[in-house]
Amino acid sequence: MRFLKPSSLIHFHRVFPKFSLTKPSQIHSHGQTRSRPNEVLKEYLKANATTKAILFLRDLIRKSISSIDSYSLLYIVKVCTRKSSPYEARQFHTLIVKLSYNSIIFVQTSLINYYSAVANLADARQVFDEIPTKNLVCWTALISAYVDNQKPNTALKLFREMQTDNFEPDEVTLVVALSACADLGALGIGKWIHNFIRRSKNLNKDLTLYNALLNMYTKCGDIKSAKMLFNTIKHKNVTTWTSMITGHAIHGQAKESLALFKAMTDSKIVPNDVTFIGVLMACSHVAMVDEGKHYFKIMSEEYGLKPKVSHFGCMVDLLCRAGCLQEAKDFILEMPERVRPNAVMWRTLLGACSVHGDVDLGEEVRWRLGEFEENWGGDDVLMGNMYASRGIWEKKEMSRNCVDKRVPGCSLIEVGSEIHEFVAADSDHPFGCKIYEVIQSLFGNMRASYGCTFDL
DNA sequence: ATAGGGTTAG
């Protein structure tokens with residue numbers, strides 16, 4: 001069997017010189033009988049057999065283009081999304097355009113999803129722009145694409161734009177928008193959404209929506225509103241409980257966190273691996289070493305959950321904050337084979353060495369960090385500070401000179417219903433650094449942490 | 001038959 005090379009438009013011309021364009025409405029009509037190839041593709045999709053599905057469709061296209069339709073292409077785009085390989089779907093996108101399926105909104109929306117999954121926002125945006133008659137689903141897909149690619153500010157701008165365009169958000173759109181608020185610390189907009197939900201009569205107010213609200217409140221630092229909301233949710237699931245546990249943990253309220261964990265298990269809700277992240281965070285933020293060790297232990301022994309690298313990370317953080325540096329190092333080195341220590345864990349330890357002025361261990365850890373590809377400027381800054389605090393000036397200078405790339409500092413501030421981003425010393429910002437200065441004079445230096453937003 | 005839904009260490 002000979003497989004086709006990655007195709008281009010020209011390639012399709014060569015293989016199928018004479019296929020005629022059929023109007024999508026003709027092909028995509030309701031009366032159409034289900035085709036066998038589409039059933040096969042569906043099966044491959046379900047079984048996650050991505051490569052098989054792609055080869056199968058390519059072969060089909062080569063043999064007889066008429067045996068595929070817009071459903072085939074939709075399924076294959078979904079397959080490519082699952083595979084998340086950056087150029088895999090391009091050939092199929094080309095074919096979609098060639099066959100005029102690009103006027104089918106289902107197909108376009110799945111393409112937005114695909115480009116989002118491969119971090120290609122430019123093309124996601126272009127597909128969206130080319131949809132002649134937009135609907136709520138494709139708007140939501142685009143907003144979601146920006147959230148998933150760490151552009152929550154743009155996501156919220158689009159959320160507003162969508163409403164200006166007379167689309168009323170539904171529960172799915174709101175969940176996505178709330179997630180953007182959580183990422184930004186945009187409490188004001190989050191509250192606006194909460195009000196919107198309270199007023200609305202047509203929304204399907206499901207638990208996912210309330211969980212998203214709860215998450216928004218905790219991430220925006222409004223733990224009181226979070227708690228109030230939590231108490232009004234009648235049927236809580238693991239996510240609801242975990243969000244609240246993590247919320248308290250973020251705010252250093254370990255007692256509340258652990259009490260909730262108990263209340264949760266008492267009401268027969270089974271914790272999952274994420275729940276334990278929250279619990280371990282709670283212990284770590286108040287340096288409750290023994291409790292942390294206890295939960296780490298029962299996680300696998302009582303609940304049969306295999307600790308992941310992030311759980312080990314929590315334990316390292318816990319030991320570091322408690323000042324048990326040597327133990328933290330041994331803990332990292334003794335991690336089981338299946339979870340390799342990562343740079344973050346070593347970096348946590350390096351930070352602790354800096355706090356405790358342990359230059360010798362710091363040097364060893366810095367050396368171990370060298371084995372990871374990524375060069376984080378902060379590592380050498382920490383080393384420099386450590387040397388400086390001991391008066392080892394030549395080494396301090398050496399490590400400072402290793403800092404090759406400096407990322408400018410950045411602050412976010414919510415003014416009215418917008419989040420403004422201030423890059424340090426960026427006097428070109430349209431809103432001006434003036435607001436930043438005003439805020440500073442009002443509130444002092446802003447902390448770069450959860451909930452550092454202000455309503456003006 | 002087809003599209004959109006963040007609880008996850010520092």
Side-chain angles (χ1 to χ4, degrees), chain A residues 27-28 30 32-35 38-39 41-42 45 69-78 81 101 104-114 116 127-128 131 134-145 147-148 150 152 162 169-183 204 206-209 211-212 214-216 218-219 237-247 249-250 271-285 292 307-318 320-321 342-352 376 378 449:
Chain A
I27 293 167
H28 214 86
H30 287 293
Q32 192 178 352
T33 50
R34 290 193 195 187
S35 75
N38 290 347
E39 292 302 309
L41 280 173
K42 238 174 157 174
L45 186 63
D69 59 14
S70 67
Y71 288 97
S72 327
L73 287 160
L74 188 125
Y75 290 136
I76 208 67
V77 170
K78 277 186 108 163
T81 306
Y101 292 146
I104 300 169
I105 201 153
F106 293 85
V107 176
Q108 293 299 72
T109 308
S110 66
L111 279 169
I112 293 175
N113 251 343
Y114 165 75
S116 167
V127 171
F128 176 83
I131 299 176
K134 302 177 179 29
N135 65 13
L136 188 55
V137 180
C138 72
W139 267 108
T140 309
L142 186 71
I143 296 170
S144 178
V147 176
D148 289 345
Q150 294 81 46
M162 182 192 90
D170 71 357
E171 63 280 358
V172 181
T173 321
L174 293 175
V175 166
V176 176
L178 283 168
S179 152
C181 293
D183 290 349
N204 170 26
D206 55 18
L207 185 54
T208 310
L209 182 59
N211 285 343
L214 182 62
N215 180 245
M216 180 279 295
T218 60
K219 295 288 160 60
N237 64 8
V238 212
T239 308
T240 322
W241 286 97
T242 302
S243 287
M244 200 64 235
I245 289 170
T246 310
I250 289 170
N272 60 21
D273 53 336
V274 187
T275 316
F276 279 98
I277 297 277
V279 170
L280 293 176
M281 260 172 81
C283 297
S284 148
H285 287 181
K308 295 201 230 171
V309 66
S310 48
H311 297 98
F312 283 92
C314 288
M315 290 306 288
V316 172
D317 188 43
L318 172 64
C320 284
R321 286 189 205 236
N342 60 24
V344 176
M345 312 181 59
W346 287 115
R347 198 160 285 135
T348 304
L349 182 52
L350 187 64
W376 197 266
S449 64

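Naming convention: chains lettered A, B, ... in sequence-line order (proteins, then strands); numbering from 1 in each chain.
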Checklist line | R321(A) vs dA9(B): side-chain N/O to OP1/OP2 distance below 4.0 Å | finding: no
Margin query: Any residue in residues 309-317 of chain A with a heavy atom nearer than 4.0 angstrom to DNA chain B? Just list them by number, or reply none.
Written below: V309(A), S310(A), G313(A), C314(A), D317(A)
Item checked: Conformer about C1'-N of dG6(B) - syn within 90° of 0, anti elsewhere -> syn
Check: For N215(A) and dG6(B), is the shortest distance between a side-chain N/O and OP1 or OP2 below 4.0 Å?
Finding: no
Check: Does a side-chain N or O from K78(A) land closer than 4.0 Å to OP1 or OP2 of dA3(B), or not?
Finding: yes
Note to self: Using a distance-only criterion (donor-acceptor N/O pair, under 3.5 Å, no hydrogens), is the base of dG4(B) paired with the side chain of T140(A)?
What the structure shows: yes
Margin query: Is there, by distance only and without an angle test, a donor paired with an acceptor across the side chain of N113(A) and the base of dA3(B) below 3.5 Å?
Written below: no
Check: Got a sec, which residues hit ring-ring contact (aromatic ring centres under 6.0 Å, His included) with F128(A), two or more places apart in sequence or on another chain?
Finding: W139(A)
Check: NA contact type, V176(A), heavy-atom cut-off 4.0 Å: base, sugar-phosphate, or nothing?
Finding: sugar-phosphate
Notebook entry, point to check: When we call it a touch if two heavy atoms are under 4.0 Å apart, what does N135(A) touch: a base, just sugar-phosphate, or nothing?
Noted result: base
Checklist line | Nearest-nucleotide pick for S179(A), side chain only, options being dA3(B), dG10(B), dG6(B) | finding: dG6(B)
Notebook entry, point to check: So which heavy atom on S284(A) is nearest to which on R321(A), and how close?
Noted result: O-CD, 3.2 Å
Margin query: Under 3.5 Å, is there any donor-acceptor pair linking the side chain of N211(A) to the base of dG6(B)?
Written below: no
Note to self: Quick check: any donor-acceptor pair below 3.5 Å linking the side-chain of D170(A) to the base of dG4(B)?
What the structure shows: yes
Note to self: Can you say whether a donor on the side chain of T173(A) sits under 3.5 Å from an acceptor on the base of dG4(B), or the other way round?
What the structure shows: yes
Item checked: Set of residues satisfying ring-ring contact (aromatic ring centres under 6.0 Å, His included) with respect to Y114(A), sequence neighbours excluded -> none
Notebook entry, point to check: With stacking defined as ring centroids separated by under 5.5 Å and planes differing by under 30°, is Y71(A) stacked against dA1(B)?
Noted result: yes
Notebook entry, point to check: Counting any heavy atom closer than 4.0 Å, what does Y75(A) reach on the DNA or RNA strands: base, sugar-phosphate only, or nothing?
Noted result: base
Next item on the list: Measure from the side chain of V344(A), starting at C-beta and using heavy atoms only, and say which of dA9(B), dT7(B), dG6(B) lies closest.
Entry: dA9(B)
